[in-house]
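Step one of this worksheet: look at the structure below.
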Amino acid sequence: MARPNLAVVRRATNESRELWLRVLGESTSDLVVVLDAAGAVTFASEAAAALIGVWPGGLEGAKLSDRVHPDDKESLESALQSWMDPNAEPAVAELRLSDAEGDWIPTEATGNDLRANEHVRGVVVMVRDVSHREASSWSLDESSARIVRAARSTSDGLWDWDLTTQHVHYSEKWREVVGVEPDDVTGKPEDWLDRIHPEDRQPFESLLAAHLDGHTEALDHEHRVRTSEGKYRWILVRGLALRNEDGVPTRIAGSMLDVSERKLFDALTRLPNRGTFKDVLETTVERWTDEPERLFAVMVIDLDRFKVINDSLGHHVGDRLLTSIARRIQSCVRPHDTVARLGGDEFAVLLDGIDVPEDAERIAHEIKDLLGRPLTVGSTEVYSTASLGIALSSKGYIKAGDMLRDADTAMHRAKDAGRDRAETFQTNMHIETLNHFKMEVDLRRAIRREEFVVHYQPLVDLHSGRLNGFEALVRWQSPERGFVSPMDFIPLAEEVGLIAPIDRFVLKAAASQARDWQQGHDRLGDLAICVNVSSKQFSRDDLVEYVASVLEECELDPRCLKLEITESAIMQSPERAADILYDLRDLGVRLALDDFGTGYSSLGHLHRFPFDVLKIDRSFVSRLGVKDEPARDQGRGSRNPEIVSTIVALANALSLDVVAEGIETAEHLELLRAMGCRYGQGWFFSKPLTVEDAERVMDADPTW
Ligand code: C2E
Ligand code: MG
Ligand code: MG
């Protein structure tokens, strides 16, 4: 359909001012109030309840200024004047409104003079809650704050389309939002529809028709409109149809908001977004065909621990970290370089014009080093290293997308090589990507052929020096690749969804091994066997059931099984994790929190989870006794021994057993013993052993 042809529609009988205003109120989540020239409220929308906890009727008749903070009354007064003056620049008033409890809610108000509109007969004021912004604006400097305000002051334009006469009332703000000269507005639907970008018009008209036909609750669409200058702007349109008693739509009215900014820029960091970055890069790549001697580089940056931070400390902290990261990256590049946020924790930089490839690498390292430094967010110190990938224009790219892809490949390469590093794209990386695929294929086959074996690393009671149990650690014995370390295939298995069969295999193998050992060795009755549960596997619904079935099948005393779960598994969804952990504990198995200290869970929260054991991550233990802490240990450095002893002390107070991982030297052992750490494992005692070697240790029953 070309346009709603509604000539048959009868004029509605119940068209009332209230209805029109209700429509207006429902077309936005802002509080809509209508003021008379003296500033008295003649209408308030439902949003009043959500914003200030006042029933809309409770506002009507009163003066808006009665609700406004004494210091803001003047701004309201002058804003109201500006809204009613066609020649004045419409002001944005920052108003604190008192809510039902007497608290001050920060808001921002913009006005439209619709006193001439027969349905409104007043100044329509849109009041927006900005308390959320107050909280996050700490990171915006003055100039960005101004941009934000400028963007918001282009607030909603209003339109009211009489479907019977096909006349549309466009507010003055509407003309501003769309960017049309007064002469270009005749009051016809075409004023608007003909300006819609050819690609967007048909989808919009279908949506409009669907709404008028009663198929949708509201009209909600984003499309591009052409300004009088011939440029396109993105606008967000919201509207609602009014219907007569027969349900036939008689008019449709709504609001319109310029969202170009949001379409081009990332709302959080105010950096260009992926689309904008690609546009900029496209132009640069095209120019390169003419000036091939001009070198430029694209860098893709991905944070290494963002997910852990976000999951454990919350989005608020995550958001602040991202904003700071954005600023840090910007501080390392020149003003004409482009820094963009590609999405999530991924950023990109276009270094436009470098002399030699090493320039790009140097800047990459500067960025990497700066990002690795700790940041203080509120009372928490957070740190995340970053992995960077670089693609150089000397490869002769024709498409921006290819260059970005190669930078991305290099970034993943940096991750695989251990993170916290920068890699420049080389053609052979494609081959390595292929190898990655090949490994996945091999891994699938390995599962079918059961090419995995389980090794057992002794756990030692540091008081008595005697064997206390074993941790089961999987190994892949590949006919093609030889012995593959879990560090090299567990992350891949998790990524491609192959971890469940591997973990199940290990659990079963370890459980039946433990039972065999218990039957063969009297002394081993209470030796515990520890099995790792991947965070991916942990959240699966059938974990508890599977553990129960293995215990039954292997006839293993549940108390002899300890499941090791990492912090990140818990922090992804603490509520759900707690449920699963309690279910597991009800089975009688014991639970260990693995790699403690690498995530952000605090000891204070641990009492929510039924853990029996806490395993201090190897990275803490390996730094014990090291005199000169390297600068890149991200701030934990010299305080490391205190951190470890604090963890031990608090864990003891919470009645948790503590296991120190990665004890490699006698010095580690002595320090840990002195701190009161009860259990440990590490190469100082023994590397992970085959079944036969583990049995030899049990027979020898050494005292370490
Ligand atoms: P993890 O659970 O923290 O296991 C301890 C790791 O530290 C093991 O590495 C062990 O060999 C190593 N290790 C022990 N003592 C020392 C020491 O003194 N010095 C050093 N440098 N390393 C020591 P491994 O076997 O390579 O396993 C690495 C990780 O792979 C494990 O860390 C665990 O997260 C994962 N993993 C191993 N087996 C399984 C499994 O069956 N399922 C799952 N989901 N993950 C597993
Ligand atoms: Mg473990
Ligand atoms: Mg561990």
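Keep in mind that this is a model prediction, so the values were computed, not measured. In listed order, ligands and their atoms are each counted from 1.
- For atom 7 (O) of ligand 1, the nearest non-hydrogen atom from the set Glu664, His668, Arg618 comes from Arg618.
- Comparing heavy-atom distances from atom 43 (C) of ligand 1 across Val454, Leu473, Asp503 singles out Asp503 as nearest.
- Of all the listed residues (Arg475, Glu661, His455), Arg475 holds the heavy atom that lies closest to atom 25 (O) of ligand 1.
- Using a 4.0 angstrom heavy-atom cutoff, Lys687 does not count as in contact with ligand 1.
- A cation-pi arrangement, defined by a distance under 6.0 Å to the six-membered ring centre and an angle within 45 degrees of its axis, is present between Arg504 and Tyr546.
- Looking at Lys415, Lys368, Arg305 one by one, the single match for salt bridge (Lys or Arg N to Asp or Glu O under 4.0 Å) with Asp420 turns out to be Lys368.
- Not a single N/O/S atom of Thr566, whether from backbone or side chain, sits less than 2.8 Å from the Mg ion (ligand 2).
- For ligand 1, the atoms lying closer than 4.0 Å to a non-hydrogen atom of Ser534 are 44 (N).
- With salt bridges taken as basic N to acidic carboxylate O contacts below 4.0 Å, one links Glu553 and Lys508.
- Contacts with ligand 1 closer than 4.0 Å are made by heavy atoms of both the backbone and the side chain of Val474.
- Counting heavy atoms only, Ile490 comes closest to atom 45 (N) of ligand 1 of the residues Val621, Ile490, Ile499, Ile565.
- Heavy-atom distances between Gln681 and ligand 1 stay at or above 4.0 Å for every pair.
- Taking backbone and side-chain atoms together, Glu471 has an N/O/S atom less than 2.8 Å away from the Mg ion (ligand 2).
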